[in-house]
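Following: one structure in structure tokens, then a few remarks.
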Amino acid sequence: MSVRSRFAPAPSGSLHVGNVRTGLFSWAFARHHGGAFVLRVEDTDASRVTEEAVHGVIESLRWLGIDWDEGPDVGGPHAPYRQSQRTQIYRDTTDRLRQQGDVYPCYCTPEELEERRRAALARGEPPGYDGRCRNLTPEERTAFEAEGRPFALRFAMPEREWVVEDLVKGEVRFGPGTLRDFVIVRSDGSPTFLLAVAVDDMLMGITHVIRGDDLLASAPRNAAVIEALGGTPPRYAHVPQVLGGDGKPLSKRHGSTSVEAFREQGIVPEALMNYLALLGWSKDEKTTLLSKQELIEAFDVERVSSNPAAFDTKKLLWMNNRYIQHLDDDDLAARCMHFLAEDGLLPEPQTLRGAMPLVKERLQTLRESVDYLRFLFTDDVEPDEKARAQIEKAGADYLRAAADALAAAEPWTTATIAAALDGVAQAHGLNRTKGWQPVRAAVTGSTVSPPLPESLELLGTEPTVSRLRAAAEAV
RNA sequence: GGUCCCAUCGUCUAGUGGCCCAGGACACCACCCUCUCAAGGUGGAGACACGGGUUCAAAUCCCGUUGGGACUACCA
């Protein structure tokens with residue numbers, strides 16, 4: 001039987017790195033086994049879903065480099081792939097479950113439930129659903145019925161031991177009575193996640209469910225529903241949560257942890273994928289850099305670690321730099337263009353491309369290209385505080401001398417530029433470090449820039465000289 | 001409270017009874033290179049949570065303790 005795995009995000013809010021990491025594993029698993037990967041939108045709770053959120057999920061996955069064979073946007077043999085559009089299917093299966101006696105109407109109101117939960121807790125007893133409506137007498141039932149009480153449908157969990165043969169956690173056992181009857185259809189008639197996942201995984205022929213381990217306890221419930229429907233439950237693999245840099249579960253206060261946020265910071269998708277793949281999984285004892293192809297070839301769910309991993313932004317940044325270094329110049333230039341444009345700059349393509357070799361090994365993010373290269377695409381190079389100090393210290397005479405020397409540099413190449421710079425420095429008894437910094441400050445407006453001669457060569461003789469003269473005037 | 005999961009350097013991890021007085025990567029420190037910043041090179045510090053077993057031998061197996069976490073919803 002060929003593998004079919006899926007990723008089923010609930011599109012409330014944005015896709016954070018913990019979610020995608022799980023999706024990435026599921027995808028890599030399907031690709032590794034030459035199987036099919038399905039994207040399904042888990043939107044049974046309509047109130048928490050927005051259209052943009054659904055789009056955002058698809059966008060983020062695509063950008064990362066994950067593709068799927070069936071999904072809401074590409075269709076497939078088991079369409080539709082949005083649970084909100086499968087209500088008729090859930091209704092039909094609910095009818096069947098009801099006829100079989102696997103579910104029963106529960107007339108308890110939310111208030112009553114809450115009250116009993118509190119009471120149970122106070123008595124030191126387990127707070128789960130007490131099963132009251134499971135054993136209603138026919139009289140009680142008709143009484144509620146006559147009252148016109150709204151009811152939810154609960155699945156009667158068979159009271160036996162449930163064993164999950166989990167691909168990452170191993171054998172997990174739940175004793176009889178520890179799994180309570182759960183709501184499968186709300187009183188407004190809408191299905192819950194507990195019904196929808198089971199039905200969809202079965203109907204869509206999912207063979208392997210790879211998801212977060214917060215869902216471990218729902219695996220036996222999912223399996224119970226599928227069995228009641230006459231199906232065979234899929235294999236489960238519950239991967240641990242991703243924690244924030246502080247070791248605490250990922251939450252809003254960790255700030256920008258969405259895929260979209262990393263994209264906007266200038267993280268390259270190849271790097272994010274590589275980094276995420278290594279969060280809770282490893283190929284062997286030494287591999288840290290691996291391509292998408294290598295990931296697919298090597299991925300094995302059995303090698304997924306069973307303990308939670310903390311997200312380390314520093315390592316991601318390091319990896320991002322490694323990927324940027326290996327991008328070819330045209331590609332890198334194209335990727336930086338977006339960030340430069342966002343900053344209001346209109347880079348000249350040839351110049352931008354020529355600057356790539358200069359910044360490659362310096363960029364931790366694509367966004368940083370803006371800081372390094374701004375001076376090439378605007379004459380507005382108001383020196384920052386440190387740069388100003390350098391300029392003042394050098395003095396007007398020095399800057400004028402530099403301007404003169406550079407104006408005379410012929411032809412305008414890194415060699416002649418460096419020679420001119422050195423000549424001025426030497427004449428004033430300065431070494432390169434002290435002699436070049438004022439020029440850098442005056443021309444780029446910063447004490448930090450790509451290598452000076454190369455930068456000036458790209459800028460051109462005229463802007464270089466006039467910026468130096470302007471700075472001399474301003475002293 | 002109950003059920004379940006988890007526990008190797010600061011972080012991600014390798015390790016499935018002897019190859020481990022524990023290997024790699026990021027981060028950190030030092031040095032080298034050097035026009036700034038990086039990148040790169042070399043070296044360094046740094047971990048088996050604790051306590052009991054089992055065994056000739058345990059990071060590896062068992063039990064307990066402690067510490068994290070999830071679930072315990074008419075959220076998913």
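No hydrogens, no waters, no symmetry mates; every other heavy atom, side chains included, goes into these values. Letters A, B, ... are given to chains in the order of the sequence lines, protein chains preceding strands, and every chain is numbered from 1.
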Salt-bridge test for [X] and [Y]: reply yes if a basic N is under 4.0 Å from a carboxylate O, no otherwise.
X       : Y       : answer
E165(A) : R235(A) : no
R335(A) : D331(A) : yes
E114(A) : R116(A) : no

Review point. Under 3.5 Å, is there a donor-acceptor pair between the side chain of R467(A) and the main chain of V443(A)?
Key: yes
Counterpart base for [N], defined by Watson-Crick or G-U wobble contacts under 3.5 Å:
N      : answer
A45(B) : none
C4(B)  : G69(B)
C50(B) : G64(B)
U34(B) : none

Take the protein atom [atom1] of [X] and the nucleotide atom [atom2] of [N], then report the distance between them rounded to whole Å.
X       : N      : atom1 : atom2 : value
R116(A) : G1(B)  : CZ    : P     : 24 Å
D130(A) : U72(B) : CG    : P     : 16 Å
E285(A) : A25(B) : CD    : P     : 12 Å
K169(A) : C6(B)  : NZ    : C1'   : 6 Å
D213(A) : C4(B)  : CG    : P     : 15 Å
F311(A) : C12(B) : CZ    : C1'   : 11 Å
L276(A) : U11(B) : CG    : P     : 19 Å
E361(A) : C37(B) : CD    : C1'   : 10 Å

Check your understanding: When you look at Q83(A) and E42(A), which way does the side chain to side chain donor-acceptor pair (under 3.5 Å) test go after all the steps?
Key -> CA-CA 6 Å; Q83(A) 295 187 329; E42(A) 216 113 288; 3.0 Å; yes
Check your understanding: For the side chain of K315(A), counting heavy atoms from C-beta on, which of C26(B), A7(B), A76(B) is nearest?
Key ->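 Taking heavy atoms from C-beta onward, the closest nucleotide is C26(B).
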Using a 4.0 Å heavy-atom cut-off, does [X] contact any base of the nucleic acid, only the sugar-phosphate backbone, or nothing at all?
X       : value
P450(A) : base
R322(A) : sugar-phosphate
L452(A) : base
Q83(A)  : nothing
P453(A) : base
R173(A) : sugar-phosphate

Review point. Under 4.0 Å: is that the gap between some side-chain N or O of R362(A) and OP1 or OP2 of A38(B)?
Key: no
Check your understanding: OP1, OP2 of G69(B) versus side-chain N and O of N307(A): anything below 4.0 Å?
Key -> no
